[in-house]
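The residues of the chain are indexed from 1 along the displayed sequence. These values consider heavy atoms only, across backbone and side chains, with no hydrogens, waters or symmetry-generated copies.
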Amino acid sequence: MNQKLQQVLDDYYKTIKDIRPNYRTCYNSFLEYCDIYSEYSLREMFEKHLEIFDIEKACKRYVESSKKATSIVAVQRFLTAIDYFCKYLKQNGISCGKLEGGCRKKKIVHDICLKLNSELEQKIYLPFDGEKELKVVNEQLEYLDRKNFYQLGQSIIYRLLVTYGFKERVIINFKPEDFDGITGKLLVGRSEENSIYIYLSEDIRKDLIEYCMLNKYQDRVFLFTKSNGAKLTPDSMFHTLKDRMKKLGISNFTPTTVALYGVANLMNKGLTLGEIKLLTGFETKKIDDVSQYLLTDQNMEKVINRKITGREDFCE
């Protein structure tokens, strides 16, 4: 155990434990990981050896060791705890050059969650994200056979998810009669309290009309079907696209993660939590996770103060 690091961590934690009690477990995991650097002094460890990938590995240890740390918030908490500790060290004459820009960044959160998801069976839900990834999907959509109703259906479903954020079961349970090709309206939800009509974009409306004409199973129960006419499942919604994404090395491509990207779009359009729940069918926890993910790179103290004071130039 790195005794010097333990002593400094303990001293620092005493100054913040009343307002940030959850940081204790973060620092315990960090301390355990840093045992690999126990031969170095504290200054040598932080100024010459510690890298971002070390922080990612220590965060992974933290999440894996805690039954409650199963969300994006937990990852952000750990990274924020490290950022605060690095600021404390800097105030005491030890700089952390390779961590100077801060650990709590969207890309770092994204990378950690992807690595964890492969081991935790998607316990942390992360929106499908990234300019490269989105570009690859859009390119692959162009290669789908528009004369094949199943492949055309995958293109439509993808656009419905990224635009409206529908949960898997919402897509799977759409009925043919829910879609009005003339007006472009789509019925979302079938309960008396929660059913609403939304107006689809023109490109989706036209493609959905084409899909309904191409589908060989005109007497089908559900709007979207497998190639044999059976009801879709989460695994069969993107069968062709998922295979192509996997071959191209694009990870985190599932109906849920794509839908969560759509949830992020709805947030950016200004929809409230209640409106998003009603439209998408997602529960509060996943919507909150997406919200937290979007806020990763922002200084929330400044953002909130700007909003409550009405001053765009607020900086303190």
Side-chain angles (χ1 to χ4, degrees), residues 127-128 134 137-138 140-234 236-241 254-284 286-287 290:
F128 183 69
L134 292 168
V137 177
N138 287 327
Q140 292 304 310
L141 290 176
E142 296 296 320
Y143 294 134
L144 293 178
D145 184 357
R146 292 182 57 84
K147 297 302 180 183
N148 178 304
F149 77 84
Y150 177 59
Q151 291 195 25
L152 177 59
Q154 291 179 65
S155 172
I156 296 169
I157 290 171
Y158 174 79
R159 284 176 287 155
L160 285 173
L161 292 180
V162 299
T163 305
Y164 307 107
F166 296 132
K167 193 173 182 179
E168 297 164 349
R169 62 174 173 77
V170 176
I171 291 284
I172 289 172
N173 288 303
F174 278 136
K175 305 291 179 61
E177 58 268 27
D178 293 339
F179 171 60
D180 185 333
I182 297 175
T183 63
K185 291 195 300 183
L186 181 68
L187 177 63
V188 181
R190 284 182 159 270
S191 67
E192 185 176 340
E193 299 81 8
N194 294 323
S195 62
I196 58 172
Y197 282 99
I198 62 168
Y199 287 87
L200 300 176
S201 61
E202 186 62 13
D203 65 316
I204 295 178
R205 183 188 75 86
K206 289 181 178 179
D207 279 357
L208 200 43
I209 291 174
E210 181 69 15
Y211 170 84
C212 290
M213 293 174 61
L214 286 173
N215 196 305
K216 296 184 294 185
Y217 305 95
Q218 295 297 313
D219 59 347
R220 64 192 184 281
V221 175
F222 298 100
L223 179 60
F224 296 105
T225 69
K226 298 180 184 179
S227 56
N228 63 1
K231 184 180 181 180
L232 286 177
T233 64
S236 62
M237 286 174 67
F238 286 149
H239 184 71
T240 307
L241 278 175
T254 69
T256 296
T257 59
V258 172
L260 292 178
Y261 177 82
V263 169
N265 281 336
L266 296 176
M267 289 178 181
N268 289 329
K269 289 179 181 294
L271 271 70
T272 66
L273 170 64
E275 291 165 343
I276 293 173
K277 287 177 67 176
L278 177 62
L279 176 62
T280 67
F282 274 110
E283 60 274 17
T284 302
K286 287 192 178 65
I287 299 174
V290 174

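Asp203 pairs by the salt bridge (Lys or Arg N to Asp or Glu O under 4.0 Å) definition with Arg159, not counting sequence neighbours. Residues passing the side chain to side chain contact (heavy atoms under 4.5 Å, CB included) test with Leu214 are Phe149, Leu152, Glu210, sequence neighbours excluded. Under the ring-ring contact (aromatic ring centres under 6.0 Å, His included) criterion, Phe282 pairs with no residue at all, not counting sequence neighbours.
Contact record, Ile182 with Asp180: N-OD1, 3.0 Å, taken as the closest heavy-atom pair. Scanning both residues, Gln218 and Cys212, for their nearest heavy atoms gives NE2-O, 2.9 Å. Smallest separation of non-hydrogen atoms from Ser155 and Leu141: CA-CD2, 3.8 Å. Nearest heavy atom pair, residue Thr225 against residue Arg220, reads CG2-CD, 3.5 Å. Here the closest non-hydrogen pair linking Ile171 and Met237 is CG2-CE, 3.7 Å. Summarising the geometry of Ile209 relative to Gly181, their closest heavy-atom pair is CD1-O, 3.5 Å, with the distance given to 0.1 Å.
Put simply, CG on Leu260 and OG1 on Thr254 are 7.5 Å apart, with the number rounded to the nearest 0.5 Å. Atoms NZ and CG, on Lys206 and Leu208 in that order, are 13.5 Å from each other to the nearest 0.5 Å. Interatomic distance, Gln151 CD to Ser227 OG, rounded to the nearest 0.5 Å: 10.0 Å. Rounded to the nearest 0.5 Å, atoms CD1 (Ile172) and OG1 (Thr233) are 6.5 Å apart. Annotation: the span from Ile287 atom CD1 to Leu273 atom CG amounts to 5.0 Å, rounded to 0.5 Å. Interatomic distance, Leu266 CG to Tyr261 OH, rounded to the nearest 0.5 Å: 11.5 Å.
Side-chain contact annotation: Thr240 with Gln154, donor-acceptor N/O pair under 3.5 Å present.
By the 4.5 Å heavy-atom criterion applied to side chains, Leu223 and Asp178 are not counted as neighbours. In this structure, the side chains of Val263 and Lys286 stay at 4.5 Å or more apart for every pair of heavy atoms. Residues Val137 and Phe128 have side chains in contact (heavy-atom distance under 4.5 Å, counting atoms from C-beta outward). Residues Ile157 and Phe166 are not in side-chain contact: their nearest non-hydrogen atoms beyond the backbone lie 4.5 Å or more apart. Inter-residue side-chain proximity for Leu279 and Val170 is flagged as unmet; no heavy-atom pair is nearer than 4.5 Å. Between Tyr199 and Arg205 the shortest side-chain heavy-atom distance does not fall below 4.5 Å. Inter-residue side-chain proximity for Leu144 and Leu241 is flagged as met; some heavy-atom pair is nearer than 4.5 Å. Taking the side chain as every heavy atom from C-beta outward, Tyr164 and Leu186 never approach each other to under 4.5 Å.
A donor-acceptor pair is defined here as one N or O able to donate and one able to accept, closer than 3.5 Å; no such pair exists between the side chain of Asn215 and the backbone of Tyr211.
Applying the salt bridge (Lys or Arg N to Asp or Glu O under 4.0 Å) rule to pairs touching residues 140-156 yields Arg146-Asp207, sequence neighbours excluded. Residue pairs satisfying the salt bridge (Lys or Arg N to Asp or Glu O under 4.0 Å) criterion with at least one member in residues 161-173, sequence neighbours excluded, are listed as follows: Lys167-Glu283. The salt bridge (Lys or Arg N to Asp or Glu O under 4.0 Å) contacts involving residues 257-273 comprise nothing, where partners must be two or more places apart or lie in separate chains.
Residue Lys231 places its NZ atom among more than 12 non-hydrogen atoms of other residues, nucleotides or ligands, all under 6.0 Å distant.
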Does the pair Leu187 and Glu177 meet the rule for a side-chain contact (heavy atoms from CB on, under 4.5 Å), with working shown? CA-CA 9 Å; Leu187 177 63; Glu177 58 268 27; over 6 Å; no

Could you walk me through whether Leu278 and Val188 pass side-chain contact (heavy atoms from CB on, under 4.5 Å), step by step? CA-CA 9 Å; Leu278 177 62; Val188 181; over 6 Å; no

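Applying side chain to side chain contact (heavy atoms under 4.5 Å, CB included) to Leu232 and the options Phe238, Phe174, Phe222, Phe224 leaves one that passes, Phe224.
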